[in-house]
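Presented below is the structure to which this report refers.
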Amino acid sequence: MLRAEDIAWRPEKDALCVGEMLRHLWVSEEGVRRAALDGNFSYYEKRIPQGLRAVLGTPGTLAAELAQLETVHQETLRLVTAFPPERMEEERAHEPLGFRRKIFALLLGINEHEIHHRAQLMVYLRMLGRPVPESINRR
């Protein structure tokens with residue numbers, strides 16, 4: 001429902017624009033997945049002390065950001081499917097960051113995070129004057 005011309009739109013000067021939000025979704029998913037499955041905390045080591053914009057980079061076109069989001073998500077699905085289920089209770093910790101989570105909790109957090117930002121994008125669409133479909137048919 002997003003259009004190419006929406007990529008730089010933001011509701012106010014300090015909010016993420018559409019492109020930044022899409023980029024944030026895939027950059028975050030990739031970083032959280034690496035922490036969960038590989039114990040690689042490089043995303044958090046930069047994100048936590050320096051803030052979100054430190055890990056974002058510059059968004060590309062709408063098509064490029066959507067394609068990268070799909071690529072990262074498919075890779076997450078592939079890697080999580082191959083991950084031994086009996087290891088999901090293992091804990092990942094990074095003491096200097098005060099970070100301690102179980103693998104399954106990190107992975108479930110990816111879903112919650114995506115839901116949150118998809119809802120934000122629905123609000124953006126409404127602010128742009130575009131009706132969005134209701135999740136429930138209200139007759």
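All of these numbers come straight from a predicted model, not from anything done at the bench.
Put simply, CG on Leu66 and CD1 on Ile7 are 7.5 Å apart, with the number rounded to the nearest 0.5 Å. Here CD1 of Ile110 is found 5.0 Å from CD of Glu29. Values are rounded to the nearest 0.5 Å. A distance of 10.5 Å separates NE2 in His117 from CG in Leu22, rounded to the nearest 0.5 Å.
Cys17 and Ala8 get closest at one heavy-atom pair: CB-O, 3.5 Å. Of all non-hydrogen atoms in Glu114 and Leu25, the two that sit nearest each other are CA-CD2, 3.7 Å. For the residue pair Gly31 and Tyr43, the shortest heavy atom distance occurs at CA-CB, 3.5 Å. Closest heavy-atom contact between Leu16 and Arg10: O-CB, 3.8 Å.
A 4.5 Å side-chain heavy-atom check between Leu52 and Arg47 finds at least one atom pair inside the cut-off. Residues Arg34 and Thr76 form no side-chain contact, since every pair of their non-hydrogen atoms from C-beta on lies 4.5 Å or further apart. Counting only heavy atoms from C-beta outward, the side chains of Arg33 and Val72 approach each other to under 4.5 Å. For the pair Arg130 and Asp6, the minimum side-chain heavy-atom distance is below 4.5 Å.
For Arg118, the CZ atom counts as loosely surrounded, since its 6.0 Å shell holds 12 or fewer non-hydrogen atoms of other residues, nucleotides or ligands. Within 6.0 Å of the CD atom in Glu112, the count of heavy atoms belonging to other residues, nucleotides or ligands does not exceed 12.
A salt bridge is defined here as a Lys NZ or Arg NE, NH1 or NH2 lying under 4.0 Å from an Asp or Glu carboxylate O, and Glu75 with Arg78 meets this definition.
Cluster membership check: Val55 shares its hydrophobic cluster with Leu97, using side-chain heavy-atom separations under 4.5 Å among Ile, Leu, Val, Met, Phe, Trp and Tyr. Hydrophobic clustering places Leu128 together with Met1 (ILVMFWY residues linked when any side-chain heavy atoms are closer than 4.5 Å, directly or through intermediates). Following chains of ILVMFWY side-chain contacts shorter than 4.5 Å, one can reach Met127 starting from Leu2, so the two form part of one hydrophobic cluster.
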Before giving the answer on side chain to side chain contact (heavy atoms under 4.5 Å, CB included), spell out for Leu107 and Phe83 the whole-Å C-alpha distance, their side-chain angles and the decisive distance to 0.1 Å. CA-CA 12 Å; Leu107 294 172; Phe83 196 79; 5.8 Å; no
Let me see the working for Thr71 and Glu30 under side chain to side chain contact (heavy atoms under 4.5 Å, CB included), right down to the final yes or no. CA-CA 10 Å; Thr71 297; Glu30 190 172 57; over 6 Å; no
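Counting only distance, with no hydrogens or angles, the side chain of Arg101 and the backbone of Leu106 share no donor-acceptor pair below 3.5 Å. Using modelled atom types, no side-chain atom of Arg23 and backbone atom of Glu65 make a donor-acceptor pair closer than 3.5 Å.
Partners of Arg3 by salt bridge (charged side-chain N to carboxylate O under 4.0 Å, His left out), not counting sequence neighbours: none found.
In this model, no donor atom of one side chain and acceptor atom of the other lie less than 3.5 Å apart for His73 and Glu70.
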Ignoring hydrogens and angles, write down the donor-acceptor pairs under 3.5 Å from the side chains of residues 35-42, residues two or more places apart or on other chains.
from	atom 1	to	atom 2	distance (Å)
Asn40	OD1	Ser42	N	2.9
Asn40	OD1	Ser42	OG	2.9

